[in-house]
Structure formats: C-alpha cells, structure tokens
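Just so it is clear, the structure is predicted and the values come from calculations on it, not from any experiment. Hydrogens, waters and symmetry mates are skipped; everything else that's a heavy atom, side chains included, is used.
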There are 2 protein chains.
Amino acid sequence: MDLEARLHADHGEELRLWLRMLTCTQLIEQRVRSRLREQFETTLPRFDLMAQLERVPQGLKMNELSRRLMVTGGNVTGITDQLEAEGMVQRVPVQGDRRALLIRLTSTGRKAFAEMAHQHEVWIAEALGGLSPREVDTLYTLLGKLKQHVARVQNESIGESA
Amino acid sequence: MDLEARLHADHGEELRLWLRMLTCTQLIEQRVRSRLREQFETTLPRFDLMAQLERVPQGLKMNELSRRLMVTGGNVTGITDQLEAEGMVQRVPVQGDRRALLIRLTSTGRKAFAEMAHQHEVWIAEALGGLSPREVDTLYTLLGKLKQHVARVQNESIGESA
DNA sequence: CATAGATAGTTTAGATGTCAATAATATATT
DNA sequence: AATATATTATTGACATCTAAACTATCTATG
C-alpha cells in the first residue's frame, strides 16, 4: 500500500510534465497554424510536407514521406493531392519500380516554401524567445534523451509482439 | 550579412528544439492513442474530455471545456455528442441561463474513466521513464517558463490587434 | 419595455487524421 | 514459368479539428 502510494505520486510528477509538454506544443502550434493561414493561406501539414521535400531535391517516395512525417500513407496521399493541385509539388515515376512515385517540389513550390520557412523560423524564435541559449540547450539535450528512450521502448514492444 | 547569418544560426537552435519537442510529443501521443484504442476502444480526445470532467463533479459548461481543452466549441460539441451516446456523460441544463449546459460524467463514465486513467498514468510513466526525477523536474521548470512566455506573447499580439 | 450587442451552443463546409481494404507491381520460391 | 507473398500507393468510411455562420438567450442601455 505504501509502495503503491509512492508509485502513484511518482507517476504524478511525470503526468504533470507530460501535460505541460502538451500545453506548450499546442500553444505554439496554434500560433503557427493561424499565421500560416493568415499570411500564406496554407496549413501546417502542407508546410511540413514541403519542409521534408525541401531537404531532398530529387524528391521522396510516399512511404518515406509518411515515415518522416509520422502520419499514415493515406494522409500523405491527400495532402500531396492538394499540393499537386496548387502546383507546389509533382509526382514523378520512379525508374525501375512502377509502383512507386517520387514527390518533388516544383520551382514554384521551392520559392513559396523559402518565404514561409523564413517566417516560420522567426515565429519559432519568438515563441522560444523567453528561454536563454543555455536553457534552449538544456531542453534540447533532455528531450533528446526522452526521444531515445521513447523510440527504444517503442521498438522493444514491437519486438515482443513479433 | 554577418549579422543576418548569426541571426539565422541562432534561430536554427530554436527551430531544432521545436522540432524535437514535436517529435517527442507525437511519439508519445501515438502510443497513447493506439493503446486507448486497443485496450479501451476509445480515443484520446474522448479521454481528454472525460479527464477534464473528472476533476469537477458538478460538471463544466461547453465553453469552459473548450477553453481547457484548447479546441473550438464545435469540436467539443461533436465529442460530447459521442460520449453522451455512449452513456459516459450527460448534458444538464443550467439554472438561470437557458443557453448554457453543464456536461457531467455519469457514474458509468466515472467508472470507465478511473480504469483508463490508471493505465494512462502507467503509460506516461513508462514513456518518461528514461529520465531521472531530477531531469523530470528540470524539464517541468523550463517548460513552465516557456509556457508563460508563449502565453504572454499571445496576449500581447491580441492586445496589438485591438 | 425595446432593442442592440454579447454570449452559449450548434451546425456546416472543408482539411486532416486513422484504419482497413484494394489495385498494381515486385520479389521470392518452387 | 507459376504461384505466393510483400510492398507501394490509393481509396473509403469515419473521427477530429477549424473557421464561420447561425439560433437562442441574456444583458445593458435608452
């Protein structure tokens, strides 16, 4: 009973941290969403997809995009459809695999993204501006540790089920 | 140019931190979502709504729920509809204001939530288990600072536009 | 009291997200 | 070669989310 009470209390600390993490990310995300809409008439998922493509000039396959964005393939299909209709990206057949498609930024897309990316960086810097460089670094390090742990636990439980 | 380059680099630190925060929350959130679905056949938004109600036995008005969950009123209406259909919550008229409704957990809802909440706490503790108590505390403090800053900037920009 | 504006909740249209099923193609195995 | 299995992307059904319009009600002010 005593043990369980202490256990409960410990979990509480972690739960509080988790809820605070969620609050922070949601507050910032909502700011970014509304500014993308107001200033660029676009949305966060579209911006995120273009951001992935911008790093890889030759383009990315749908499944690779899906993995990087951490969303399902069906979702990527939908967002790609829209960006393609807007002329921001194009689907390019892959030599040697007729199932696959490379998604690439068009030159229009590259230009549009460059503007947005610059503003985006400013917004994020604004949002995180209350922290000193040292604090930013500490957070980055601790979240790196968290990320590794979560990724590891994820793989383990997949390992168990296999 | 030099200045701008340095500015760019500084923003980069913050951008990296932001992307890492997003990765962490998404990894953990997806674990929680899939477990809520597998083990309790429910969803995260429903769980979150019930979690808010659980703290306030007399119930919460729609607009208060909307504020606490940081989502739009229309969204709360939809999730409440479902939870009501499932018998987890009920809408109760408010004395003296025929516009307003109090949303309350039913006893069924309270029981269902208690089980889920316990498991949820364990999942979160698992996910954050790679951090020492001291690290949890540091993160909590730094994110508290971030939250305050973001909330303040939010209000300022609302103030500017008014 | 009358009416203007504010507030509470819902509805609608549309984007984003999931999961599961499907179609097309690739790969492996016999 | 023939067949089975795996992989790639799309589709369909549905839940979630937003923004904006709408209905009903309340409140303040003349």
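In this entry the distance linking CZ of R67(A) with P of dT7(D) reads 15 Å, nearest Å. Atom CG in L102(A) sits roughly 9 Å away from atom P in dA9(D) (whole-Å rounding). We find that CD of E41(A) is positioned 14 Å from P of dA19(D), with the value rounded to whole Å. Summarising the geometry, the separation between NZ on K61(B) and C1' on dG9(C) is reported as 11 Å, rounded to the nearest angstrom. Rounded to whole angstrom, the span from the CD1 atom of I79(A) across to the P atom of dG14(C) amounts to 18 Å. Atom CZ in R37(B) sits roughly 12 Å away from atom C1' in dA15(D) (whole-Å rounding). Here dG14(C) presents its C1' atom at 13 Å from CD of E86(A), a figure rounded to the nearest Å. In this structure, CG of L65(B) is placed 13 Å from C1' of dA8(C), rounded to the nearest angstrom.
Remark: R98(B) is not in phosphate contact with dA24(D), judged by side-chain N or O atoms under 4.0 Å from OP1 or OP2. In terms of phosphate contacts, T72(A) brings a side-chain nitrogen or oxygen within less than 4.0 Å of OP1 or OP2 of dT18(C). Within the structure, a side-chain polar atom (N or O) of Q82(A) is placed less than 4.0 Å from OP1 or OP2 of dT16(C). The phosphate of dT18(D) (OP1 or OP2) has a side-chain N or O of N75(B) nearer than 4.0 angstrom. Taking 4.0 angstrom as the limit, N63(B) places a side-chain polar atom (N or O) nearer than this to OP1 or OP2 of dG9(C). Under 4.0 angstrom from either OP1 or OP2 of dT10(D) there lies at least one side-chain N or O belonging to R91(A). At dT16(C), one or more side-chain N or O atoms of T43(A) fall inside 4.0 Å of OP1 or OP2 (strictly under the cut-off). Dashed line: the shortest gap from a side-chain N or O of S66(A) to OP1 or OP2 of dA9(D) is not under 4.0 Å.
For the pair R33(B) and R99(B), both in contact range of DNA chain C, the more 5′-proximal nearest nucleotide belongs to R99(B). Judged by closest nucleotide on DNA chain C, D81(B) is the one of G96(A) and D81(B) placed further toward the 5' end. Taking for each of S34(A) and L44(B) the nucleotide of DNA chain D with the nearest heavy atom, the 5'-most of the two is the partner of L44(B).
Of the listed nucleotides (dG17(C), dT16(D), dT10(D)), dG17(C) has the atom at the smallest distance from the side chain of V71(A). Considering only the side chain of D97(A), dA26(C) comes nearest among dA26(C), dC26(D), dT18(D). You'll find that the side chain of Q30(A) is closest to dT18(D), out of dT18(C), dT10(D), dT18(D). Side-chain atoms of A100(B) lie closest to dA8(C) of the nucleotides dA8(C), dT11(C), dT8(D).
Contact between H149(B) and A127(A) at its shortest, heavy atoms only, is CD2-O, 3.0 Å. Heavy-atom minimum distance, A100(A) versus K61(A): CB-CD, 3.6 Å. In plain terms, the two heavy atoms of I103(A) and L53(A) that are nearest each other are O-CD2, 3.3 Å.
Aromatic rings of F40(B) and F47(B) (six-membered ring for Trp) have centroids beyond the 6.0 Å cut-off, not under it.
Under a hydrophobic-cluster definition in which Ile, Leu, Val, Met, Phe, Trp and Tyr are linked whenever side-chain heavy atoms come within less than 4.5 Å, directly or via other members, L49(A) and M62(A) are assigned to the same cluster.
Among the atoms of the strands shown, none is found under 4.0 Å from any heavy atom of G78(B).
When the shell of 6.0 Å around CD of E38(A) is examined, it contains more than 12 heavy atoms from other residues, nucleotides or ligands.
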